[in-house]
There are 2 protein chains.
Amino acid sequence: MPQTPRRIPKSTISHRRVLDAAARLFHERGYAGTTLRAIAAEVQLEAGSIYYHFKSKDELIEAVLDEAMARVIGAGRAAVEAVPAGATARMRIEAAIHAHVATIIEIGDYTLATRRVIGQVPEEVRQRLMRQRDSYGRFWQDLLEQAQQTGELRADADMHLARMFILGGLNWTAEWFKPDRRPLAEVAAAFTGFVVDGLLAAAPAPATSRHRRAGSAR
Amino acid sequence: MPQTPRRIPKSTISHRRVLDAAARLFHERGYAGTTLRAIAAEVQLEAGSIYYHFKSKDELIEAVLDEAMARVIGAGRAAVEAVPAGATARMRIEAAIHAHVATIIEIGDYTLATRRVIGQVPEEVRQRLMRQRDSYGRFWQDLLEQAQQTGELRADADMHLARMFILGGLNWTAEWFKPDRRPLAEVAAAFTGFVVDGLLAAAPAPATSRHRRAGSAR
DNA sequence: GTCTATATTCAGATAGAC
DNA sequence: GTCTATCTGAATATAGAC
């Protein structure tokens, strides 16, 4: 059918443009280092005009943080739920790794802004954010421990330490990974190889062990 | 012999105290968010007195960043050099992991301040810091690739990705590891287990593979 | 919706007393 | 070495015109 010209209010467009600019500047210059004048200049507005869209600088940073956290969590859960029921732990873990990295790269300024300004936001906002982060942490913990209980992952591995190590490695990609240099799927597969082959209970066929593939799944 | 009362100039003490306070506040509040008045208050001085010890706010942040980088690099190289010549790759890697984590935890405020304010420091300072960081990156790269050339680590693993993943996992400890909760050596051994068992060329004895130890070395 | 103009607060830095 | 007092610039936020 022919596209009905759906009205997108001018305010919605500016709202999003302001938010994107804010995320980028909060990332680059930190919270106090980012002035409303600079954000306004990025989107060809004057400083006073920001206040039509956001009540205060605090409300702006809160919007950036909320979006970053919600996107990462949503993508992770969706990706794992989309894996067929009978799949291996390796496939579920690779799906979670891929989704995590893909999302933090896609919304890079939002995620990096979060790490840079957390600790400068109002206590109430920080508390809410940390609760969400903890819930995402439990999601990963369950993923790993379930794979451990089914015997797919080593029973003697400390899965809390493993989770912290893995999420650290994944989060670090936001600092260096450039999607135009190499396909993300390649990185996700390699990471999965590092992780799973380091945790896998079953020993690989000893004969040609040197030629085991790193990320065989995709 | 009885301790000769060695004179430590008052200025040296204040200098160090100011630097420590600056590192903590730069970490907590970022560069622009940290006022010289706040740093001064931390060490029971007035704002103007800071200028006796440092010429400017820029000089202060530069001192913090330089110290953070130098300590981490120095500790890493020293630890690996201290490993006996005939040692396994696993031992060298565990030494590097232990040194890296131990140092970033010990000088936590300095390392975390670095990540928070990089990008807000003068271009020339940032360039110099990134050159040091790259040199440390090559140190790790050599460590991994040499182990690969001797056949101790898998030949088919992408060691650049492996290095980025590992350093990410290690750096993340600065955000969560509390030394009073558990011994650092335990964490370093577990991390080494994750990393090496994920990269090891030789397949473990298939019989009782489930009961392989995670970090058997220490 | 966006502008200009401005009130108010607070930052980094300097000068000179102690 | 540290203090007090102060200069100067710039920030958030508001008010009202367009």
Side-chain angles (χ1 to χ4, degrees), chain A residues 6-65 113 116-117 119-125, chain B residues 6-65 113 116-117 119-125:
Chain A
R6 175 160 292 287
R7 234 179 68 79
I8 295 179
K10 197 174 169 186
S11 69
T12 305
I13 299 175
S14 284
H15 199 272
R16 168 55 56 184
R17 278 164 50 79
V18 168
L19 203 58
D20 284 347
R24 188 167 69 257
L25 290 180
F26 282 140
H27 162 211
E28 284 170 11
R29 311 182 190 176
Y31 181 69
T34 299
T35 68
L36 294 182
R37 281 170 172 76
I39 296 174
E42 288 278 309
V43 295
Q44 262 112 5
L45 288 180
E46 292 303 315
S49 308
I50 301 286
Y51 288 88
Y52 178 80
H53 300 284
F54 296 92
K55 278 210 290 288
S56 68
K57 197 181 178 182
D58 272 358
E59 198 179 283
L60 245 181
I61 192 68
E62 190 177 340
V64 170
L65 301 191
R116 176 151 289 170
V117 305
Q120 292 173 75
V121 294
E123 185 58 22
E124 174 235 328
V125 176
Chain B
R6 175 162 291 286
R7 231 179 69 81
I8 295 179
K10 196 175 171 188
S11 71
T12 305
I13 299 175
S14 283
H15 200 273
R16 168 55 55 185
R17 279 165 48 79
V18 169
L19 204 57
D20 284 347
R24 189 167 69 256
L25 290 180
F26 283 140
H27 161 212
E28 285 170 10
R29 310 180 192 178
Y31 182 67
T34 299
T35 67
L36 294 181
R37 283 168 171 81
I39 296 174
E42 287 280 306
V43 294
Q44 261 112 5
L45 289 180
E46 292 303 316
S49 307
I50 301 286
Y51 287 87
Y52 177 81
H53 301 284
F54 297 90
K55 277 208 290 289
S56 67
K57 196 182 177 182
D58 272 359
E59 199 178 284
L60 245 181
I61 191 69
E62 191 177 340
V64 170
L65 300 192
R116 175 152 289 171
V117 306
Q120 291 173 77
V121 294
E123 185 58 21
E124 174 235 328
V125 176

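Residue numbers begin at 1 in each chain, while the letters A, B, ... track the order of the sequences.
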Distance test, side-chain N/O of A/Tyr52 to OP1/OP2 of C/dT2, below 4.0 Å: no

Nucleotides 12-18 of chain C: protein proximity per nucleotide (B base, S sugar-phosphate only, - neither; heavy atom, under 4.0 Å): BBB----

B/Phe54 CZ to D/dG1 P, straight-line distance once rounded to whole Å: 14 Å

Side-chain N or O of A/His53 closer than 4.0 Å to phosphate OP1/OP2 of C/dT2: yes

Derivation and outcome, side-chain contact (heavy atoms from CB on, under 4.5 Å), residues B/Val121 and B/Asp58: CA-CA 7 Å; B/Val121 294; B/Asp58 272 359; over 6 Å; no

Whole angstrom value for the distance that separates P of C/dA11 from CG of B/Leu60: 16 Å

Donor-acceptor contact present, side-chain B/Arg116 to main-chain B/Gly30, <3.5 Å: no

Minimum-distance nucleotide to B/Glu46 side chain [options: D/dT4, C/dT4, D/dT2]: D/dT4

Between CD on residue B/Glu62 and CD on residue B/Glu124, distance to nearest 0.5 Å: 6.5 Å

Whole-Å gap separating C1' (D/dT2) and CD1 (B/Ile50): 11 Å

Length of the line joining B/Ile13:CD1 and D/dG1:P, which is rounded to integer Å: 10 Å

Over-ring placement of B/Lys57 relative to B/Phe26, 6.0 Å and 45° cut-offs: no

Any B/Ser49 side-chain nitrogen or oxygen under 4.0 Å from OP1 or OP2 of D/dG1: no

Sequence-distant partners of B/Glu123, side-chain contact (heavy atoms from CB on, under 4.5 Å), two or more places apart: B/Arg126, B/Gln127

Distance, nearest 0.5 Å, that separates CG of A/Asp20 from CD1 of A/Ile39: 11.5 Å

